[in-house]
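What you see is a predicted model, and the numbers here were worked out from it, not measured in a lab. Every chain is numbered from 1 and lettered A, B, ... according to where its sequence line falls, protein lines coming before strand lines.
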2 protein chains.
Amino acid sequence: MSKILIVDDDKEYRENLKEILDNAGYPNDMAGSAKQAMQKLGDQQFDVVLLDFMMPGIDGINALGEFKKISPNSKIIMITAFASIENAVIAIKKGASEYISKPFKIEALLLMIKQVIEELRFEGNIKKLKLEGTLSSLSNSIRREIIRLFQTSKKIRLMETARKLDIEDHTKLIFHLKTLRAAKILRQDMKHAYMLTKEGKKVLECLNILDNYLSDK
Amino acid sequence: MSKILIVDDDKEYRENLKEILDNAGYPNDMAGSAKQAMQKLGDQQFDVVLLDFMMPGIDGINALGEFKKISPNSKIIMITAFASIENAVIAIKKGASEYISKPFKIEALLLMIKQVIEELRFEGNIKKLKLEGTLSSLSNSIRREIIRLFQTSKKIRLMETARKLDIEDHTKLIFHLKTLRAAKILRQDMKHAYMLTKEGKKVLECLNILDNYLSDK
DNA sequence: CTTTTATGTGAACTTTTCTTCACATAATAG
DNA sequence: CTATTATGTGAAGAAAAGTTCACATAAAAG
C-alpha cells in the first residue's frame with residue numbers, strides 16, 4: 001500500500017489529516033517541520049507527500065524543492081490557505097504534482113491522492129517496460145553489433161550495414177532493425193537511413209558501460 | 001591488424017625493431033622514452049608493447065607498471081640485455097606478458113608476438129561471452145526479480161523465493177535458478193541456498209545502473 | 001519412524017524468437 | 001527507359017527459451 005507523508009506545522013491540522021488518511025486506509029507518517037520531513041524522506045520511501053504551504057523557517061515552496069531533490073519519485077500535493085495562481089504556478093514548476101487550497105472537501109483530497117498514486121503506478125510500469133525492451137534488444141548479438149555501428153556513424157543504410165556485418169540475407173537484418181525500431185532504439189529518416197533515437201543513444205551508452213563494467217576483473 | 005608500440009631509448013635498436021615489425025606486417029609506432037610512450041598509450045589503442053629494460057629516467061620495470069595502468073588490456077613484452085630470473089619474475093608480477101633477453105632470434109620475437117596477440121583475441125572472446133551471458137540472463141524478468149532479491153538478502157532458499165515471487169510451480173523457478181547458475185551469476189552453498197557470485201554482484205550493480213540510466217528522462 | 005516439506009531431474013509441450021524464402025516496389029545508374 | 005540495386009512484406013519453418021508434469025530423493029517436523 002502507498003505510504004504518505006504529512007508535513008504540516010499545525011499540530012491539530014496535521015492530526016486531522018492523519019485521521020483522514022487512516023480512515024482511507026493509507027499507511028502514513030507525520031512531520032512537523034521541513035527539517036524533520038527531509039529526514040524522514042531520506043530515511044524511508046514515501047509515495048505521496050502532503051505539504052502545507054504556510055510553514056515557519058523555510059517556507060513551503062523552498063521545502064518543496066528540497067523534498068524533490070531528496071525523493072524525486074515521490075508525488076507532492078501542495079495544500080495552502082492562501083491560494084493564488086502565481087503560487088500554484090510556482091509550486092507546479094518546483095515539482096508539485098497537485099495544488100489544493102483550504103478549505104477543501106475530504107473527498108477532493110482523497111481523489112487527488114488516488115490520482116497521483118495511479119500516475120505513480122503508471123510511471124513505474126513505463127519504467128519497467130523500458131528496461132524490458134532495452135534488455136531484450138540487447139540480448140541479441142546482431143542487434144548489439146548494429147547498435148555499436150553508431151559508435152562511429154550517425155546514420156547507417158540497410159545494405160551498407162548488411163555488408164559491414166557480413167549478413168547475406170538482408171531480410172534478416174531488416175528483422176533486427178525492425179525489432180530495434182519497435183523498441184524505440186532506432187528510427188528512420190525520410191530517406192530510409194537508420195539512426196539512433198534519444199533513447200537509443202542512452203542504450204549505446206549503457207552497452208559501453210556494461211562492457212567496461214564486466215571486463216575488468 | 002594488431003598495433004604494436006616499440007619503446008626503446010636506443011635509436012638504432014628501436015629502428016631495427018621497427019623494420020622487423022614492418023616486414024612482418026604489423027602496424028607499429030615508436031617511443032624513445034617512457035614519458036612519450038605513456039602519452040601514446042593514452043592516445044591510441046596498442047595491442048602489444050615491446051619494452052626495453054635499460055632506459056634512462058624511470059627504468060623499464062617502473063615504466064611497466066605505469067603502462068599497465070594506462071592501458072590494462074595491452075600485452076607487454078619485456079626485452080632486456082641483462083636477463084636474470086629475479087628480473088623476469090618482477091617483470092611478470094608487474095604485468096608483463098612475456099620476457100625475452102638479448103640477443104634473440106627474430107623468429108623467437110615474432111612467435112612471441114603472435115602468441116600474445118592470440119591470447120588477446122581469446123580474452124576478447126571471453127569478454128564477449130560474459131556480456132552475452134549477462135544480457136541473456138537479464139533479458140528475462142523472472143531472473144531479474146531473482147537477482148533483485150539479493151538487494152536485501154545475502155542468501156535465498158528455493159521455496160522461500162518461490163513464495164516471495166509468487167511462483168506456484170517450483171520447477172519453473174529451478175529452471176531460472178539453473179540458468180543463472182550456468183551464467184555464473186549464482187552459486188549454491190553446501191546447504192543448497194543460492195547466493196550471488198562475484199560476477200553476480202557486478203550484474204546486480206549493472207541492473208541498478210541500467211535502472212537509473214533508463215529512468216531519468 | 002512416518003509424514004510433510006524442500007530440493008531436484010528429465011521429458012513433453014508451448015511459446016517466443018529468429019531465419020529463410022518467395023515475392024514486390026521504389027530508386028538509381030547506365 | 002531498362003537493368004540493377006536498395007528497401008521492404010508476409011508467411012513458413014527452424015531453433016531457442018520457457019513452462020508443465022510426472023516422478024524421485026533428502027531433510028525436517030511431529
* To do: Please figure out whether A/S136 or A/L173 has its closest DNA chain C nucleotide nearer the 5' end.
  =>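 Of the two residues, A/S136 wins.
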Flag the pair [X] and [Y] as a salt bridge only when some basic side-chain nitrogen lies within less than 4.0 angstrom of an acidic carboxylate oxygen.
X	Y	value
A/K164	A/E160	yes
A/D29	A/K3	no
A/K75	A/E98	no

Given [options], which nucleotide is nearest the side-chain atoms of [X]?
X	options	value
A/H176	C/dT19, D/dT7, D/dT19	C/dT19
A/T171	C/dC18, D/dC21, C/dT20	C/dT20
B/H192	C/dT7, D/dT20, C/dT20	C/dT7
A/F175	C/dG8, D/dG8, C/dT19	C/dT19

Under 4.0 Å from OP1 or OP2 of [N]: is there any side-chain N or O of [X] that close?
X	N	result
B/K178	C/dT9	yes
B/R163	C/dA6	yes
A/R143	C/dC18	yes
B/Y194	C/dG8	yes
A/Q188	D/dT7	no
A/R157	D/dT7	yes
B/N140	D/dG18	yes

* Asked: Does one side chain, of A/K18 or A/N28, offer a donor that lies under 3.5 Å from an acceptor on the other?
  ->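 Indeed, the side chains of A/K18 and A/N28 share at least one donor-acceptor pair under 3.5 Å.
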* Asked: What nucleic acid atoms does A/E160 come within less than 4.0 Å of, heavy atoms only: base, sugar-phosphate, or nothing?
  ->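 Result for A/E160 = nothing.
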* Donor-acceptor pair (no angle test) under 3.5 Å: B/H170 side chain, C/dG8 base ->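 Check passes, donor-acceptor contact within cut-off.
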* Is there a donor and acceptor pair, one atom on the side chain of A/T179 and one on the base of C/dC18, closer than 3.5 Å? ->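 No, no donor-acceptor pair under 3.5 Å.
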Whole-Å distance between [N] [atom2] and [X] [atom1]?
X	N	atom1	atom2	answer
B/R181	C/dT7	CZ	C1'	11 Å
A/M190	D/dT7	CE	C1'	16 Å
A/K191	D/dT5	NZ	P	19 Å
A/L180	D/dG8	CG	P	14 Å
A/L158	C/dA27	CG	C1'	14 Å
A/I174	C/dT19	CD1	P	14 Å
B/D166	D/dT19	CG	P	14 Å
B/I156	C/dA6	CD1	P	15 Å

* Could you point out which residue of A/L50, A/T80, A/I77 forms a side chain to side chain contact (heavy atoms under 4.5 Å, CB included) with A/I100? =>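 Per the side chain to side chain contact (heavy atoms under 4.5 Å, CB included) rule, the option paired with A/I100 is A/I77, out of A/L50, A/T80, A/I77.
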* When rounded to the nearest 0.5 angstrom, what is the spacing between CD in B/E132 and OG in A/S139? ->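 Going from the CD atom of B/E132 to the OG atom of A/S139 covers 8.5 Å.
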